[in-house]
Engineer: 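Here's a structure for you.
Below, chain A is the first sequence line, B the second, and so on; all start at residue 1.
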Amino acid sequence: MEHYYQPEIECASPEQIQAWQDERLVETVKHVYEHVPYYRDKMDASGVTPEDIKSTRDLHKLPFLTKSDLRDAYPYGLVAVPLSECVRIQSTSGTTGRRVVAFYTQHDLDLWEDCCARAIMAAGGTKEDVVHVSYGYGLFTGGPGLNGGSHKVGSLTLPMSSGNTERQIQFMCDLGSTILCCTPSYAAYLAESITERGLRDKIKLKAGIFGAEAWTEEMRQDIQNKLGIKAYDIYGLTEISGPGVAFECSEQTGMHINEDHFIAEVIDPNTGEVLPDGEKGELVFTSITKQAFPLIRYRTRDICVLTRKKCSCGRTHVKMSKPMGRSDDMLIVKGVNVFPSQIETVLLNKGYPANYQIIVTRENNSDQLEVQVEMTQEMFSDTLGRVAALERELIEAMKAMLGIYVKVTLVAPKSITRSEGKAVRVIDKRNLY
Amino acid sequence: MTVKQISVFVENKPGRLAEMAALLGQQDIDMRALSIAEAEDFGIVRIIVDDAYNTAQVLKEAGYVFSITPVLAAAIPDEPGGLSRILDLLGENGINLEYTYAFIAREKGLAYMIMRVTDNEKAIEVLSGQGIRLVCQHEITEI
């Protein structure tokens, strides 16, 4: 039986959803124009006034917002209410220079948690469940989002956070966790560890909600088989709120976007032209119910397809495919956003030339990030200790920049693959898309 | 009273050392001694050659990263106890030995200890003062 958290919304008629979107878009555009100089300037520069926006049909008139706008407006430039009205800040993981901070009023947190609650109930969650949240807690939205959603459903919530696999498994066995929330790679790792220890019979898991990074259908089958659960995908980004922007239902053929809160468009990443449903392009979101940090036509850089085919689960909201790639060079490693330019910054800050290559692999379902750095005369010494110390320094600086461990490998000069004179910066061996 | 050691960065991958050795061989460079310090992903190959200048030219042209370091070379009788006397002297005088390696010149019946110390001048003073014979680049070339 299908469970819904807000059936009247999740199964509303397309006309009703359209009406909500039209009304809320008009209000949101008016709200940001009046309260956010950054938006006002942007709209003025494009020659659009709030009066021009009468319904979602006018959405295309509004300028796009990109990550670089968020950087320019950092930290408060896009906040649309007095700070005294905000109660929470979340941020993307440790990405200096590319950091995104998002603000929430209590109302915003409620709506975000509602979205997560919908995802949990779509995965079969009820108040009888024990929801085991192994997403990181803190600035990262994964933990707080699912935690809040689980509370809303009334499930018994286990705020495990990430790491300490032994304890994760012990609590899972002892406390009878039924729904696991974490990144798919960690789920796969847990599945492996549980199988190795012969504890499959001791766990009561029935479902998993896995997101924050790309995963394949093969990985889903593997996790489902090893843990004997149904594995659901969930999508979100800190800029738009966090996890729960879209979530999978029992049909497992794409993620329903919470259209009462977010308007989704797919555009041609090169021309900015809006593409019809069914065509592959870059996903763009407009949040229409947020108070503190509403984003208008925010370019996610995720490539996907939207479909309005009738879903057997009864939900009527549009579905997005799993992201099929990126329209920029961002990598998601262990759920963390990594830009090659950040690696470059670390090297340049240390006074080394930016001759590097990033190699991403997935070993035992866990992402590994290796940065190969070409050796230079300046970095070299006849003493191993000095070169090894320099390597350690680089590892630490990269960890500080990215928030995750990076294996640094020093390689011979001019050994990094160059294609037509241009160095190949990223080799992603994970075949995720 | 020092000899020129050439230290070369070499990736820790099959065939890399062979490549370097082949290059030097093609250029008629004769190695007197070789030692490798290895890390997980790379190694530092330290060599003493007959012609340091020529070797540097060859390595530079081939695009290697390398450095030239003055190190001490002590000639000691090739017999038990020869090494420990030198080490004792360095220790007693607070001179830290970063690394060392040895090679033997068969015709002369001598062993040569290559030593990289923190303070070359002080080490020369101490060792020479105690009758340890330190050799110069010229003698290495002649071996």
Engineer: Which heavy atom of S415(A) sits nearest a heavy atom of E11(B), and at what distance?
Structural biologist: OG-OE2, 3.5 Å
Engineer: Would you check if E391(A) and D41(B) make a side-chain contact, meaning some heavy-atom pair closer than 4.5 Å?
Structural biologist: yes
Engineer: At a 4.5 Å cut-off on heavy atoms, which part of F9(B) comes close to chain A: side chain, backbone, both, or neither?
Structural biologist: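 Looking at F9(B), backbone and side chain both touch chain A.
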Engineer: Minimum heavy-atom separation for Q377(A) to Y64(B), with atom names?
Structural biologist: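 Heavy-atom minimum between the residues: OE1-O, 4.3 Å.
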Engineer: Can you confirm whether E196(A) is buried at CD, in the sense that more than 12 heavy atoms of other residues, nucleotides or ligands lie under 6.0 Å from that atom?
Structural biologist: yes
Engineer: Take a 6.0 Å sphere around NZ of K122(B) and say whether it holds more than 12 heavy atoms from other residues, nucleotides or ligands.
Structural biologist: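 Yes, the 6.0 Å shell around NZ holds more than 12 heavy atoms from other groups.
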Engineer: Considering only residues two or more places apart or on different chains, which pairs with a residue in residues 331-349 of chain A satisfy salt bridge (charged side-chain N to carboxylate O under 4.0 Å, His left out)?
Structural biologist: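 For residues 331-349 of chain A, and leaving out neighbouring residues, there are no salt bridge (charged side-chain N to carboxylate O under 4.0 Å, His left out) pairs at all.
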Engineer: Where is the tightest heavy-atom contact between I44(B) and D382(A), given as atom of each residue plus distance?
Structural biologist: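 That would be CG2-O, 3.8 Å.
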Engineer: Between atom CZ of R46(B) and atom OG1 of T383(A), what is the distance when rounded to the nearest 0.5 Å?
Structural biologist: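 Between atom CZ of R46(B) and atom OG1 of T383(A) there are 6.5 Å.
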Engineer: Side chain, backbone, both or neither: which part of E38(B) has a heavy atom under 4.5 Å from chain A?
Structural biologist: backbone
Engineer: Can you tell which part of R16(B) gets under 4.5 Å to a heavy atom of chain A, answering side chain, backbone, both or neither?
Structural biologist: neither
Engineer: Which heavy-atom pair separates G63(B) from P413(A) by the least distance, and what is that distance?
Structural biologist: O-CG, 3.5 Å
Engineer: Specify the closest pair of heavy atoms between S67(B) and S381(A), including all atoms of both residues, with the distance to one decimal.
Structural biologist: OG-C, 4.4 Å
Engineer: With side-chain contact (heavy atoms from CB on, under 4.5 Å) as the test, would you mind laying out the steps for M375(A) and F42(B) before giving the verdict?
Structural biologist: CA-CA 10 Å; M375(A) 194 67 191; F42(B) 66 91; over 6 Å; no
Engineer: Based on non-hydrogen pairs under 4.5 Å, which of V408(A), L410(A), V387(A) is most in contact with chain B?
Structural biologist: L410(A)
Engineer: Quick check for you: among V45(B), T69(B), V65(B), which has the greatest number of heavy-atom pairs under 4.5 Å with chain A?
Structural biologist: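 With the most close heavy-atom pairs to chain A, the winner is V65(B).
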